2 protein chains.
Amino acid sequence: MEIGTQQRAPLSRKRVLDTAVALADEGGVDALSMRRIAQALGVVPMALYKHVAHKNELLDGMIDALVGEIDPPSADADWKTAVRRRVLSARRMLLRHPWAPAVIEARMKARATPTPAVLAYLDSMIGIFRAGGFPVDLVHHAMHVMGSRLLGFSQELFEDRTDRAPDPDAPPPEEMAARYPHLTELARAVAHDEESVVGSGCDDQAEFEFALDLTLDGLERLLRTA
Amino acid sequence: MEIGTQQRAPLSRKRVLDTAVALADEGGVDALSMRRIAQALGVVPMALYKHVAHKNELLDGMIDALVGEIDPPSADADWKTAVRRRVLSARRMLLRHPWAPAVIEARMKARATPTPAVLAYLDSMIGIFRAGGFPVDLVHHAMHVMGSRLLGFSQELFEDRTDRAPDPDAPPPEEMAARYPHLTELARAVAHDEESVVGSGCDDQAEFEFALDLTLDGLERLLRTA
DNA sequence: ACGGTAGGTGTACGGCGTACACCCGTCAAG
DNA sequence: CTTGACGGGTGTACGCCGTACACCTACCGT
């Protein structure tokens, strides 16, 4: 009855990971500190270290949890649609967790081996290609060609940033137009093209699928001539 | 004559940026702190703030310096080889500064507008496509298709990591083989394939160019049918 | 009844980015 | 020649970070 003595649910690695992901989702990865995670769990910072070795291992765990969210390969589909579905599922996951690409990249570079879930993901992706009749060295090429798209992100260089507060020292539009004529032309064309759509006038999802399909088509052509 | 009173070369934005890049090159971006940069310059940390507004602005400056290293477009070449050369030049720059992709990605996500040098790079890249006869909306697609490859990195997920000290808790090879059969098959095939080559047996440069060419071929086909 | 152990606590250290007050040399205006 | 503003380097201090280390406590099998 006494609220003061009421004990919290016990900590666990999963609970730590989950709140860490939640915190990153709402505040970005910069807002993720051991101290904040602990606070969110109503616990003292050092308590976390009974469940994760250190912050990097926590980040690895978060990655693994996310990669685990990606749909398993669909059994009844040709390689092309199976790959397509899987990649789009990965992308959906990443859109739910925008901080993830950076963390995945950083941790991948720092570790000797990718995390287990990533290994499993890559392995089963290779399996799809193999089952689709790709010889093993063509699969190797294919994995490189897919590059970052394999994991659903393609390093979008111009996302919709119109919601951002503009840089205070940003040059005025007319100067932009003079200095970057081609960029301006393209931006204007894209904006006019789909003025009915709210937002940037650039459908990122469509562009992602366009690029993905172009890549898959290229691979298909390679497979046929091999 | 007295060494003690010998005055250092005066600080400047350029000198700060240059030593920052040098420090990052040799120690990775994690080893880059205002305090260390100051120390390398024989100066007190706060002195840097007379030349850069804050650390993020310093990172922006570093990016701009690097992007400025990329070769300008070759005037006398068809669009395909012009793009190819430029992208490969970008890649060369990034191989010199392995920490750069992560920083570029992080800063791009944080800023409303890319840094000026990046804008100029993108603008002139668009210019190449336009000069090659691409209609503006096809250029738009092309830029998305190129994705991260535009900047020379394609998020290499499996680089050569054989030099890394193996994870102490890494599963033994036979367990790897059992758990990730396709990955193992591929790794073995690649290793055997080019056993004459020292290193991982996977020529990253060749793979990058392979993927780049496949993409450019796809774009060329689109251009012809447009 | 008792020792071990798993899990939460408290304190402390060194490093970080950077706000703010200061100080000193140079140089233009009076 | 004096003066005062100002650009550029300094010193101190604050609040945050990750985490080492000692501790305390509640539960467990013997």
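Below, chain A is the first sequence line, B the second, and so on; all start at residue 1. Because the structure is a prediction, the values reported are computed rather than measured.
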Given D/dG9, D/dT19, D/dC17, which nucleotide is nearest the side-chain atoms of A/S33?
-> D/dC17
Starting from P on C/dC16, measure out to CD1 on B/I37 and report it in whole angstrom.
-> 10 Å
Of all the nucleotides listed (D/dG11, D/dT19, C/dG8), which has the minimum atom distance to the side chain of A/P10?
-> C/dG8
Kindly indicate whether the side chain of A/R15, heavy atoms from C-beta on, has any atom under 4.5 Å from the side chain of A/H51.
-> no
Within the modelled atom types, does a donor on one side and an acceptor on the other bring the side chain of B/K55 and the base of C/dG17 under 3.5 Å apart?
-> no
Looking at the side chain of B/Y49, which of D/dT10, C/dT18, C/dG10 is the nearest nucleotide?
-> C/dT18
What nucleotide, of C/dG8, D/dT19, D/dT12, holds the atom closest to the side chain of A/K50?
-> C/dG8
Is it true that a side-chain atom of A/E207 and a backbone atom of A/D203 form a donor plus acceptor pair closer than 3.5 Å?
-> no
For B/M46 and C/dC23, what is the distance between atoms CE and P respectively, to the nearest whole Å?
-> 17 Å
Distance-only donor-acceptor check, side chains B/R179 and B/T184, under 3.5 Å | no
Please state whether the phosphate of C/dC16, meaning OP1 or OP2, lies under 4.0 angstrom from any side-chain nitrogen or oxygen of B/R36.
-> yes
Side chain of A/H51 only, please: which of C/dG10, C/dG7, D/dT19 is the nearest?
-> C/dG7
Take atom CG of A/L41 and atom P of C/dT9, then tell me their distance rounded to the nearest Å.
-> 11 Å
Examine the base of C/dG17 for any acceptor or donor lying under 3.5 Å from a partner atom in the side chain of B/R35, and report the outcome as yes or no.
-> yes
Note, A/H182 side chain near B/L122 side chain (heavy atom, < 4.5 Å) | no
When the rotation axes relating C1' atoms of four end pairs to the next four are compared across the helix from C/dA1-D/dT30 to C/dG30-D/dC1, five pairs an end, they differ to 10° by 10°
Could you tell me whether the side chain of A/H54 reaches within less than 4.5 Å of the side chain of A/L58, counting heavy atoms only?
-> no
Interatomic distance where CG belongs to A/L59 and C1' belongs to D/dC17 [whole Å] = 14 Å
Starting at CG of A/D30 and ending at C1' of C/dC16, how long is that distance when rounded to a whole Å?
-> 14 Å
How about B/V136 and B/R130: do any of their side-chain heavy atoms sit closer than 4.5 Å?
-> yes
